[in-house]
Amino acid sequence: MKFRVTVLCDNSVGLVSGTLGEHGFSALVEWDGGSLLFDTGGGDTLVHNATRLNRDLRKVSGVALSHGHYDHTGGLRQFLQLAGRKAIYAHPALFTPRYRVKDTGEALSIGIPFGEAYLRGIGAEFDFCEGSREIAPAIFLTGNVPRRNSFETGDSGMFCDSSGCHADPLADDQSLVIVAEKGLVLLLGCCHAGVINTIEAARELTGVERVQAVIGGTHLGFCTAQQLAATMNALRSMRVGKIYGAHCTGFHAAARMQQELAGQFHPAMVGTSVEIK
Ligand SMILES: [Fe+2]
Ligand SMILES: [Fe+2]
(Lines give C-alpha, C1' and ligand atoms only; values in the text may rest on other atoms or scores of the structure.)
(Ligands and ions follow the chains in the order given, each with its own letter.)
Protein backbone atom coordinates (compact mmCIF):
# COMPACT_ATOMS: atom_id res chain seq x y z
CA MET A 1 0.00 0.00 0.00
CA LYS A 2 1.19 3.53 -0.80
CA PHE A 3 0.88 6.45 1.59
CA ARG A 4 1.41 10.18 1.29
CA VAL A 5 2.37 12.43 4.19
CA THR A 6 1.82 16.17 3.73
CA VAL A 7 2.88 18.78 6.26
CA LEU A 8 -0.07 21.12 6.97
CA CYS A 9 1.33 23.14 9.90
CA ASP A 10 4.90 24.02 10.71
CA ASN A 11 7.00 26.93 11.96
CA SER A 12 8.12 27.54 8.35
CA VAL A 13 6.41 27.55 5.00
CA GLY A 14 7.72 26.02 1.79
CA LEU A 15 7.09 26.85 -1.83
CA VAL A 16 3.28 26.93 -1.94
CA SER A 17 2.38 30.61 -1.91
CA GLY A 18 -0.30 31.76 0.49
CA THR A 19 0.38 29.13 3.15
CA LEU A 20 1.03 30.32 6.70
CA GLY A 21 3.53 29.31 9.38
CA GLU A 22 3.10 29.15 13.16
CA HIS A 23 4.86 27.43 16.05
CA GLY A 24 3.36 23.95 15.79
CA PHE A 25 3.03 20.84 13.70
CA SER A 26 0.40 18.90 11.81
CA ALA A 27 0.55 16.41 8.97
CA LEU A 28 -2.03 14.61 6.87
CA VAL A 29 -1.56 10.91 6.11
CA GLU A 30 -3.38 9.74 2.96
CA TRP A 31 -3.69 6.30 1.42
CA ASP A 32 -5.92 4.65 -1.12
CA GLY A 33 -9.34 4.88 0.46
CA GLY A 34 -8.63 6.91 3.58
CA SER A 35 -6.84 9.68 5.43
CA LEU A 36 -5.94 10.61 8.97
CA LEU A 37 -4.71 13.80 10.61
CA PHE A 38 -1.71 13.76 12.94
CA ASP A 39 -1.74 16.78 15.31
CA THR A 40 -3.43 20.07 14.53
CA GLY A 41 -0.85 22.86 14.88
CA GLY A 42 -1.42 25.85 17.16
CA GLY A 43 -4.81 26.88 15.82
CA ASP A 44 -4.14 29.64 13.32
CA THR A 45 -3.06 27.76 10.21
CA LEU A 46 -4.50 24.24 9.89
CA VAL A 47 -7.74 24.92 8.04
CA HIS A 48 -6.22 27.74 5.98
CA ASN A 49 -3.23 25.67 4.85
CA ALA A 50 -5.30 22.55 4.16
CA THR A 51 -7.58 24.59 1.87
CA ARG A 52 -4.57 26.18 0.17
CA LEU A 53 -3.07 22.70 -0.39
CA ASN A 54 -6.37 21.33 -1.76
CA ARG A 55 -6.92 18.90 1.10
CA ASP A 56 -10.44 18.34 2.42
CA LEU A 57 -10.17 17.84 6.19
CA ARG A 58 -13.84 16.77 6.37
CA LYS A 59 -12.79 13.47 4.78
CA VAL A 60 -10.33 12.34 7.47
CA SER A 61 -11.42 9.41 9.61
CA GLY A 62 -9.93 10.90 12.77
CA VAL A 63 -7.12 12.80 14.45
CA ALA A 64 -4.18 11.25 16.27
CA LEU A 65 -2.58 13.55 18.86
CA SER A 66 1.10 13.28 19.79
CA HIS A 67 0.73 15.00 23.18
CA GLY A 68 -1.12 17.73 25.03
CA HIS A 69 0.89 20.83 24.16
CA TYR A 70 -0.99 23.77 22.60
CA ASP A 71 1.11 23.80 19.44
CA HIS A 72 -0.20 20.31 18.51
CA THR A 73 -3.76 20.58 19.83
CA GLY A 74 -4.68 24.23 19.27
CA GLY A 75 -6.18 23.51 15.84
CA LEU A 76 -8.78 21.09 17.25
CA ARG A 77 -11.52 23.72 17.56
CA GLN A 78 -11.29 24.96 13.97
CA PHE A 79 -10.94 21.40 12.73
CA LEU A 80 -14.02 20.10 14.58
CA GLN A 81 -16.07 23.15 13.60
CA LEU A 82 -15.29 22.31 9.99
CA ALA A 83 -15.34 18.51 10.05
CA GLY A 84 -17.97 17.66 12.70
CA ARG A 85 -17.91 14.44 14.72
CA LYS A 86 -14.52 12.75 14.53
CA ALA A 87 -12.53 10.19 16.48
CA ILE A 88 -9.66 11.77 18.44
CA TYR A 89 -6.98 9.22 19.35
CA ALA A 90 -5.05 10.45 22.35
CA HIS A 91 -3.27 9.54 25.57
CA PRO A 92 -5.34 9.87 28.78
CA ALA A 93 -2.91 12.54 30.05
CA LEU A 94 -3.98 14.87 27.22
CA PHE A 95 -5.67 17.38 29.54
CA THR A 96 -2.92 17.51 32.21
CA PRO A 97 -2.07 21.17 32.97
CA ARG A 98 1.30 22.09 31.48
CA TYR A 99 3.62 25.06 31.87
CA ARG A 100 6.97 26.28 30.71
CA VAL A 101 8.59 27.99 33.70
CA LYS A 102 11.50 30.24 32.81
CA ASP A 103 14.59 30.78 34.98
CA THR A 104 13.10 34.16 35.92
CA GLY A 105 10.08 32.35 37.41
CA GLU A 106 7.76 33.51 34.64
CA ALA A 107 5.29 30.73 33.79
CA LEU A 108 3.60 30.24 30.43
CA SER A 109 0.64 27.92 30.09
CA ILE A 110 1.43 25.55 27.20
CA GLY A 111 -1.25 22.87 27.63
CA ILE A 112 -4.22 22.11 25.42
CA PRO A 113 -6.21 25.37 25.21
CA PHE A 114 -9.68 23.78 25.40
CA GLY A 115 -11.56 21.73 28.00
CA GLU A 116 -12.66 18.15 27.33
CA ALA A 117 -16.40 18.90 27.68
CA TYR A 118 -16.15 21.79 25.23
CA LEU A 119 -14.40 19.67 22.61
CA ARG A 120 -16.90 16.83 23.08
CA GLY A 121 -19.66 19.40 22.58
CA ILE A 122 -18.31 20.35 19.14
CA GLY A 123 -17.84 16.77 17.94
CA ALA A 124 -14.72 15.24 19.53
CA GLU A 125 -15.15 11.52 20.16
CA PHE A 126 -12.17 10.85 22.39
CA ASP A 127 -10.56 7.45 22.26
CA PHE A 128 -7.95 7.39 25.01
CA CYS A 129 -5.22 4.78 25.34
CA GLU A 130 -1.88 4.71 27.15
CA GLY A 131 -0.39 1.89 25.16
CA SER A 132 0.29 1.16 21.51
CA ARG A 133 -2.52 0.41 19.07
CA GLU A 134 -3.41 0.22 15.40
CA ILE A 135 -5.69 3.12 14.44
CA ALA A 136 -5.95 2.47 10.69
CA PRO A 137 -4.63 -0.29 8.40
CA ALA A 138 -0.83 -0.44 8.91
CA ILE A 139 -0.87 2.79 10.96
CA PHE A 140 -0.03 2.61 14.66
CA LEU A 141 0.37 4.92 17.63
CA THR A 142 3.32 4.06 19.87
CA GLY A 143 1.59 4.95 23.14
CA ASN A 144 4.01 5.46 26.05
CA VAL A 145 7.60 5.44 24.82
CA PRO A 146 10.10 3.89 27.27
CA ARG A 147 13.03 6.26 27.95
CA ARG A 148 15.89 3.79 27.74
CA ASN A 149 19.08 5.50 26.62
CA SER A 150 21.22 7.80 28.73
CA PHE A 151 21.64 10.68 26.29
CA GLU A 152 18.04 11.66 25.49
CA THR A 153 17.53 13.62 28.66
CA GLY A 154 14.53 15.68 27.58
CA ASP A 155 13.78 19.33 28.01
CA SER A 156 14.12 21.05 31.37
CA GLY A 157 11.65 23.83 32.12
CA MET A 158 8.46 21.81 31.55
CA PHE A 159 6.17 21.57 34.56
CA CYS A 160 2.66 20.49 35.53
CA ASP A 161 2.25 23.53 37.80
CA SER A 162 2.93 27.22 37.31
CA SER A 163 5.24 27.42 40.34
CA GLY A 164 7.65 24.96 38.74
CA CYS A 165 7.59 22.35 41.52
CA HIS A 166 6.37 19.31 39.59
CA ALA A 167 8.41 18.45 36.51
CA ASP A 168 6.28 17.29 33.59
CA PRO A 169 7.50 13.83 32.50
CA LEU A 170 5.53 14.22 29.25
CA ALA A 171 4.58 10.58 29.56
CA ASP A 172 1.91 11.11 26.92
CA ASP A 173 4.41 11.91 24.17
CA GLN A 174 3.82 9.43 21.36
CA SER A 175 4.45 9.10 17.64
CA LEU A 176 2.64 7.64 14.68
CA VAL A 177 4.14 4.69 12.84
CA ILE A 178 3.32 3.72 9.25
CA VAL A 179 4.32 0.17 8.34
CA ALA A 180 5.09 0.43 4.63
CA GLU A 181 6.61 -2.09 2.25
CA LYS A 182 10.07 -0.46 2.29
CA GLY A 183 10.14 0.00 6.05
CA LEU A 184 8.74 2.12 8.82
CA VAL A 185 7.89 5.80 8.56
CA LEU A 186 7.56 7.68 11.85
CA LEU A 187 5.61 10.90 12.31
CA LEU A 188 6.88 12.82 15.32
CA GLY A 189 5.01 15.60 17.10
CA CYS A 190 7.54 17.15 19.47
CA CYS A 191 9.20 13.87 20.30
CA HIS A 192 9.87 14.77 23.92
CA ALA A 193 10.57 11.06 24.51
CA GLY A 194 13.58 11.32 22.17
CA VAL A 195 13.93 10.31 18.53
CA ILE A 196 16.07 7.27 19.26
CA ASN A 197 13.85 6.00 22.09
CA THR A 198 10.91 6.45 19.73
CA ILE A 199 12.52 4.56 16.86
CA GLU A 200 13.33 1.71 19.24
CA ALA A 201 9.72 1.64 20.47
CA ALA A 202 8.45 1.57 16.88
CA ARG A 203 10.77 -1.32 15.99
CA GLU A 204 9.68 -3.26 19.04
CA LEU A 205 6.01 -2.60 18.36
CA THR A 206 6.07 -3.66 14.71
CA GLY A 207 8.94 -6.15 14.56
CA VAL A 208 10.28 -4.17 11.56
CA GLU A 209 13.91 -2.98 11.74
CA ARG A 210 14.19 -0.85 8.64
CA VAL A 211 13.23 2.81 9.16
CA GLN A 212 12.85 4.51 5.82
CA ALA A 213 12.01 7.96 7.23
CA VAL A 214 11.19 10.06 10.25
CA ILE A 215 9.08 13.16 9.65
CA GLY A 216 8.26 15.96 12.08
CA GLY A 217 9.48 17.62 15.26
CA THR A 218 12.62 16.02 16.65
CA HIS A 219 13.00 18.41 19.62
CA LEU A 220 16.72 18.60 18.86
CA GLY A 221 16.41 22.41 18.95
CA PHE A 222 16.07 22.21 22.73
CA CYS A 223 18.81 19.72 23.58
CA THR A 224 22.49 19.92 24.45
CA ALA A 225 25.29 19.65 21.86
CA GLN A 226 26.15 16.25 23.39
CA GLN A 227 22.62 14.94 22.88
CA LEU A 228 22.56 16.21 19.29
CA ALA A 229 25.88 14.48 18.52
CA ALA A 230 24.79 11.21 20.17
CA THR A 231 21.47 11.33 18.31
CA MET A 232 23.19 11.82 14.95
CA ASN A 233 25.53 8.92 15.67
CA ALA A 234 22.58 6.70 16.57
CA LEU A 235 20.65 7.76 13.44
CA ARG A 236 23.69 6.71 11.38
CA SER A 237 24.18 3.39 13.12
CA MET A 238 20.46 2.60 12.92
CA ARG A 239 20.63 3.32 9.18
CA VAL A 240 17.62 5.59 9.24
CA GLY A 241 16.86 6.45 5.60
CA LYS A 242 15.60 10.06 5.57
CA ILE A 243 15.05 12.67 8.23
CA TYR A 244 12.43 15.26 7.37
CA GLY A 245 13.01 17.67 10.26
CA ALA A 246 10.30 20.15 11.19
CA HIS A 247 9.00 22.34 14.02
CA CYS A 248 11.16 21.94 17.18
CA THR A 249 14.14 20.58 15.22
CA GLY A 250 15.35 24.19 15.16
CA PHE A 251 17.71 25.95 12.81
CA HIS A 252 20.95 24.94 14.50
CA ALA A 253 20.23 21.19 14.63
CA ALA A 254 18.77 21.30 11.12
CA ALA A 255 21.90 23.01 9.78
CA ARG A 256 24.16 20.45 11.45
CA MET A 257 22.17 17.50 10.15
CA GLN A 258 22.03 19.07 6.68
CA GLN A 259 25.83 19.22 6.73
CA GLU A 260 26.72 16.00 8.54
CA LEU A 261 23.98 13.67 7.33
CA ALA A 262 24.36 14.73 3.72
CA GLY A 263 21.55 13.55 1.49
CA GLN A 264 19.56 12.17 4.40
CA PHE A 265 18.25 15.38 5.94
CA HIS A 266 15.50 17.51 4.45
CA PRO A 267 13.66 20.40 6.08
CA ALA A 268 9.92 19.66 6.22
CA MET A 269 7.96 22.88 5.94
CA VAL A 270 4.27 23.54 5.25
CA GLY A 271 3.50 21.94 1.89
CA THR A 272 6.26 19.32 2.04
CA SER A 273 4.71 16.11 0.71
CA VAL A 274 6.41 12.73 0.92
CA GLU A 275 5.31 9.65 -0.99
CA ILE A 276 5.78 6.42 0.94
CA LYS A 277 5.96 2.95 -0.54
FE1 LIG B 1 5.81 21.15 19.72
FE1 LIG C 1 5.63 19.65 23.02
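When a ligand or atom number is given, it counts from 1 through the structure's own listing order. Here, residue 1 is the first one in the sequence, and each next residue gets the next number.
- Checked for salt-bridge contact, Lys59 and Glu30 miss the test: no charged N lies under 4.0 Å from a carboxylate O.
- Annotation: angle subtended at the Fe ion (ligand 2) by His192 NE2 and His67 NE2 is 100°, to 10°.
- None of the N, O or S atoms belonging to Cys248 lies under 2.8 Å away from the Fe ion (ligand 1).
- Electrostatic pairing of Glu152 and Arg147 does not count as a salt bridge here, judged by no charged N lying under 4.0 Å from a carboxylate O.
- The 12-atom threshold is exceeded at CZ of Arg133, counting heavy atoms of other residues, nucleotides or ligands nearer than 6.0 Å.
- Atom CD of Glu275 has more than 12 neighbouring heavy atoms from other residues, nucleotides or ligands inside a 6.0 Å radius.
- Taking the Fe ion (ligand 1) as reference, Asp71 places its N/O/S atom OD2 nearest.
- Here Cys190 reaches the Fe ion (ligand 1): one of its N/O/S atoms is less than 2.8 Å from the metal.
- Taking 2.8 Å as the criterion, His69 does not count as a coordinating residue of the Fe ion (ligand 1), since none of its N, O or S atoms falls below it.
- Atom CZ of Phe251 has 12 or fewer neighbouring heavy atoms from other residues, nucleotides or ligands inside a 6.0 Å radius.
- At the Fe ion (ligand 1), the angle from NE2 in His72 to NE2 in His247 is 90° when rounded to 10°.
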